[in-house]
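These notes are about the structure you will find just below.
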Amino acid sequence: MDNRYKTIIVKIMQNKITEEELKDEMSLTEDLKFDSIAFVNMVVMLESTYGFSFDDEYISFEMLKTVKDVANYVKLKTA
């Protein structure tokens, strides 16, 4: 799987972090300080970039807590 999801997260963070600094275990809310607007932007950008639609239940911080959760979901949807 490619790492475009990391590029998207870095872009949403307005380059406050680099792809090299972005770690799988980082929490979207605690470490990266995502709010609901950032989260929705990420969902829209991932859908556009990878060409899939998020299942409604995955559009939540409870289902996608970490960078690794995002990576695993993208992998699942693009398999």
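Note on I59: it clusters hydrophobically with L46, by side-chain heavy-atom contacts below 4.5 Å among ILVMFWY residues. Hydrophobic cluster membership differs between V74 and V44, with clusters built from Ile, Leu, Val, Met, Phe, Trp and Tyr side chains linked at under 4.5 angstrom.
The CG atom of D2 lies 12.0 Å from the NZ atom of K75; values are rounded to the nearest 0.5 Å. Here M13 contributes atom CE and K6 contributes atom NZ; the two are 14.5 Å apart, rounded to the nearest 0.5 Å.
When all heavy atoms of L28 and M42 are compared, the pair lying nearest together is CD1-CE, 4.1 Å. The shortest non-hydrogen separation linking M63 to E57 is CG-O, 2.9 Å. Closest non-hydrogen pair, N3 versus E19, comes out as O-OE1, 4.4 Å.
Aromatic ring centres of F54 and Y73: separated by under 6.0 Å.
Not counting sequence neighbours, the partners of K65 by the side chain to side chain contact (heavy atoms under 4.5 Å, CB included) test are D69.
Y50 places none of its side-chain heavy atoms less than 4.5 Å from the side chain of K77. I12 is listed as a side-chain neighbour of I8, based on a closest heavy-atom distance under 4.5 Å. Contact of the T66 side chain with the E25 side chain is not registered, since no non-hydrogen atoms from C-beta on lie closer than 4.5 Å. No side-chain heavy atom of I9 sits under 4.5 Å from any side-chain heavy atom of M26.
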Donor-acceptor contacts under 3.5 Å from residues 30-41 side chains, at least two apart:
{"residue": "D31", "atom": "OD2", "partner": "S27", "partner atom": "N", "Å": "2.8"}
{"residue": "K33", "atom": "NZ", "partner": "E30", "partner atom": "O", "Å": "2.8"}
{"residue": "D35", "atom": "OD1", "partner": "I37", "partner atom": "N", "Å": "3.2"}
{"residue": "D35", "atom": "OD1", "partner": "A38", "partner atom": "N", "Å": "2.8"}
{"residue": "N41", "atom": "ND2", "partner": "I37", "partner atom": "O", "Å": "3.4"}

- Task: Under the side-chain contact (heavy atoms from CB on, under 4.5 Å) rule, what do Y5 and V67 come out as? Steps first, then yes or no, please.
- Result: CA-CA 9 Å; Y5 70 93; V67 172; 4.0 Å; yes
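The environment of CD in E21 is crowded: more than 12 heavy-atom neighbours from other residues, nucleotides or ligands sit within 6.0 Å.
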